[in-house]
Amino acid sequence: MIKGYIFDYGGTLDTAGRHWGKVLWDAYRRHNVDVTEQQFRDAYVFAERTLGRQQIIKPDDSFYKTLDTKLRLEMEHLTAEGHLDACNGTPAALRRAMLDDIYSGVKGETARSRKVLSAIGETYPMVLVSNFYGNIATVLKEFGLDTLFKSVIESAVVGIRKPDHRIFSMGVKALGIKPEETIVVGDSFDKDIMPAKKAGCKAVWMKGEGWTDKQYDESLPDAVITSLEDLLRMY
């Protein structure tokens, strides 16, 4: 019997299962930024590693500010490598246009997610487990998701990051139920599904557009969905 849910955040609740790298790359293409996909990927990895090493993001930083910081770091890297120049317009103006574009999409996706989570929350307790930068509480409030979860477990706060399965065990403990009574929902097969199963939970893979074309064993998760709304027809 299912008694509770654990949700991932990034890529699951904010982009409808699309890897954030893909979301950002599509924005680069929409805004005609003259860089190759590999150049962008290198910049994306640079920005993520920089944010992981340095405490640039503050606890009260909004997602809008967080996204702006990501784009700034990417564009600084692209400029330093000689890939981004004046033909793209000034980096600040380009970044602002992309920021507003991407943020608008995220607001729409989180609004849809809020409706699904609200419906599930009428029956089941929910916990959020996320690899994030220390400001997930601010971000949840920004998008009206802050009242939906019994507990929020953030990697930057607890000192454990996915794919370490122990972070999901912490989520189960916060729910106050058994692992086998818990469903973990996430978009990353490696960081959500595999460690959730290792923790003894049931796992629902939100299959979207991944960072690579890697194929996965779809018999491992207990279910595969392509939209969060699919959960409302399950269990």
Side-chain angles (χ1 to χ4, degrees), residues 7-15 18-28 31 33 35-85 88 90-103 105-107 110 128-143 145-146 151-168 170-171 186-188 190-192 195 210-212:
F7 283 92
D8 167 56
Y9 181 74
T12 300
L13 302 183
D14 58 358
T15 68
R18 300 184 68 220
H19 189 282
W20 258 102
K22 290 290 188 178
V23 173
L24 290 168
W25 172 236
D26 280 351
Y28 274 74
H31 290 265
V33 184
V35 297
T36 68
E37 184 172 4
Q38 187 56 55
Q39 289 166 351
F40 159 73
R41 282 175 174 257
D42 292 343
Y44 176 85
V45 171
F46 167 80
E48 289 301 313
R49 288 178 177 173
T50 300
L51 291 174
R53 290 193 303 265
Q54 304 176 30
Q55 292 184 329
I56 297 173
I57 304 300
K58 306 304 181 185
D60 60 349
D61 282 352
S62 67
F63 184 74
Y64 188 87
K65 186 172 182 179
T66 302
L67 182 57
D68 187 37
T69 301
K70 283 174 174 277
L71 289 171
R72 176 179 58 80
L73 290 170
E74 289 171 6
M75 290 182 178
E76 287 176 352
H77 181 80
L78 288 167
T79 300
E81 294 295 314
H83 303 316
L84 190 63
D85 55 37
N88 295 293
T90 64
L94 174 62
R95 189 174 86 233
R96 179 58 183 268
M98 291 177 62
L99 173 63
D100 290 341
D101 176 14
I102 299 166
Y103 188 76
V106 171
K107 284 181 66 177
T110 52
L128 189 81
V129 171
S130 176
N131 283 355
F132 219 73
Y133 309 106
N135 63 326
I136 191 66
T138 300
V139 172
L140 292 176
K141 187 174 182 179
E142 180 178 2
F143 294 121
L145 303 173
D146 54 314
S151 182
V152 174
I153 299 171
E154 183 180 10
S155 60
V157 175
V158 301
I160 301 175
R161 289 181 61 84
K162 306 173 191 178
D164 191 325
H165 73 282
R166 292 178 300 166
I167 198 168
F168 287 108
M170 293 176 69
D187 70 299
S188 174
D190 294 325
K191 295 180 179 180
D192 295 318
W211 181 239
T212 69

Between the side chain of Asp61 and the main-chain N/O of Lys58, is any donor-acceptor distance below 3.5 Å?
yes

How about Leu99 and Leu94: do any of their side-chain heavy atoms sit closer than 4.5 Å?
no

From Ile153 CD1 over to Ser130 OG, what is the distance, rounded to the nearest 0.5 angstrom?
11.0 Å

Between Trp25 and Val35, is any pair of side-chain heavy atoms under 4.5 Å apart?
yes

So, for Tyr133 and Glu154, which heavy atoms are closest and what is the spacing to 0.1 Å?
N-OE2, 3.5 Å

What distance do Thr66 atom OG1 and Ile56 atom CD1 have between them, rounded to the nearest 0.5 Å?
11.0 Å

When you measure from the side chain of Gln39 to the backbone N and O of Thr36, does any donor-acceptor pair fall under 3.5 Å?
yes

For the NZ atom on Lys22, are there more than 12 heavy atoms of other groups (residues, nucleotides or ligands in this structure) within a distance under 6.0 Å?
yes

Any Asn135 side-chain heavy atom under 4.5 Å of Asp60 side chain
no

Taking side chain as C-beta onward, heavy atoms only, is Asp26 less than 4.5 Å from Arg18?
yes

Donor-acceptor contact present, side-chain His19 to main-chain Gly21, <3.5 Å:
yes

Looking at residues at least two apart in the chain, or sitting in another chain, which of them share a ring-ring contact (aromatic ring centres under 6.0 Å, His included) with His165?
none

So CG of Leu84 and OH of Tyr28: to nearest 0.5 Å the spacing works out to 7.5 Å

Looking only at heavy atoms, which two atoms of Ala43 and Leu78 are closest? And how far apart?
CB-CG, 3.8 Å

Salt bridge or not for Asp8 and Lys162, using N-O below 4.0 Å?
yes

Is a salt bridge present between Glu74 and Lys70, judged by a nitrogen-to-oxygen distance below 4.0 Å?
no

Start with the C-alpha gap between Phe63 and Trp20, add the side-chain angles, then the distance that decides, and say whether ring pair (Phe, Tyr, Trp, His ring centres under 6.0 Å) holds.
CA-CA 13 Å; Phe63 184 74; Trp20 258 102; 5.7 Å; yes

If only atom types and distance count, is the side chain of Asp192 paired as donor or acceptor with the main-chain N or O of Ser188 below 3.5 Å?
yes

Under 4.5 Å between any side-chain heavy atoms of Tyr9 and Leu145, yes or no?
yes

Minimum heavy-atom separation for Gly134 and Ala156, please, with both atom names.
N-CB, 3.5 Å

Are any side-chain N or O atoms of Asp14 and backbone N or O atoms of Val106, one a donor and one an acceptor, separated by less than 3.5 Å?
no

For Tyr103, ring-ring contact (aromatic ring centres under 6.0 Å, His included) partners two or more places apart
Tyr64, Phe143

Separation of Asn131 CG from Ile136 CD1 (nearest 0.5 Å)
10.5 Å

Six-ring centre of Trp211, Arg41 cation under 6.0 angstrom, axis tolerance 45°:
yes

Name all residues meeting the side-chain hydrogen bond (donor to acceptor under 3.5 Å, both in side chains) criterion together with Gln55; count only those two or more places apart in sequence or in a different chain, and write none if there are none.
none

Regarding Asp187 and Thr12, is there a side-chain donor-to-acceptor distance under 3.5 Å anywhere?
yes

Is it true that Asp164 and Arg166 make a salt bridge, defined as a side-chain N closer than 4.0 Å to a carboxylate O?
yes

Main-chain N/O of Ser62 paired to Glu142 side chain as donor or acceptor, under 3.5 Å
no

Considering non-hydrogen atoms only, spot the tightest contact between Pro163 and Lys191 and give its length.
CB-CA, 4.1 Å

I want to check something: taking the side chain as every heavy atom from C-beta on, are Met75 and Met98 in contact at a cut-off of under 4.5 Å?
yes

What distance separates Leu71 CG from Arg96 CZ, expressed to the nearest 0.5 Å?
12.0 Å

Nearest 0.5 Å, please: how far is CG in Leu13 from OG1 in Thr110?
9.0 Å

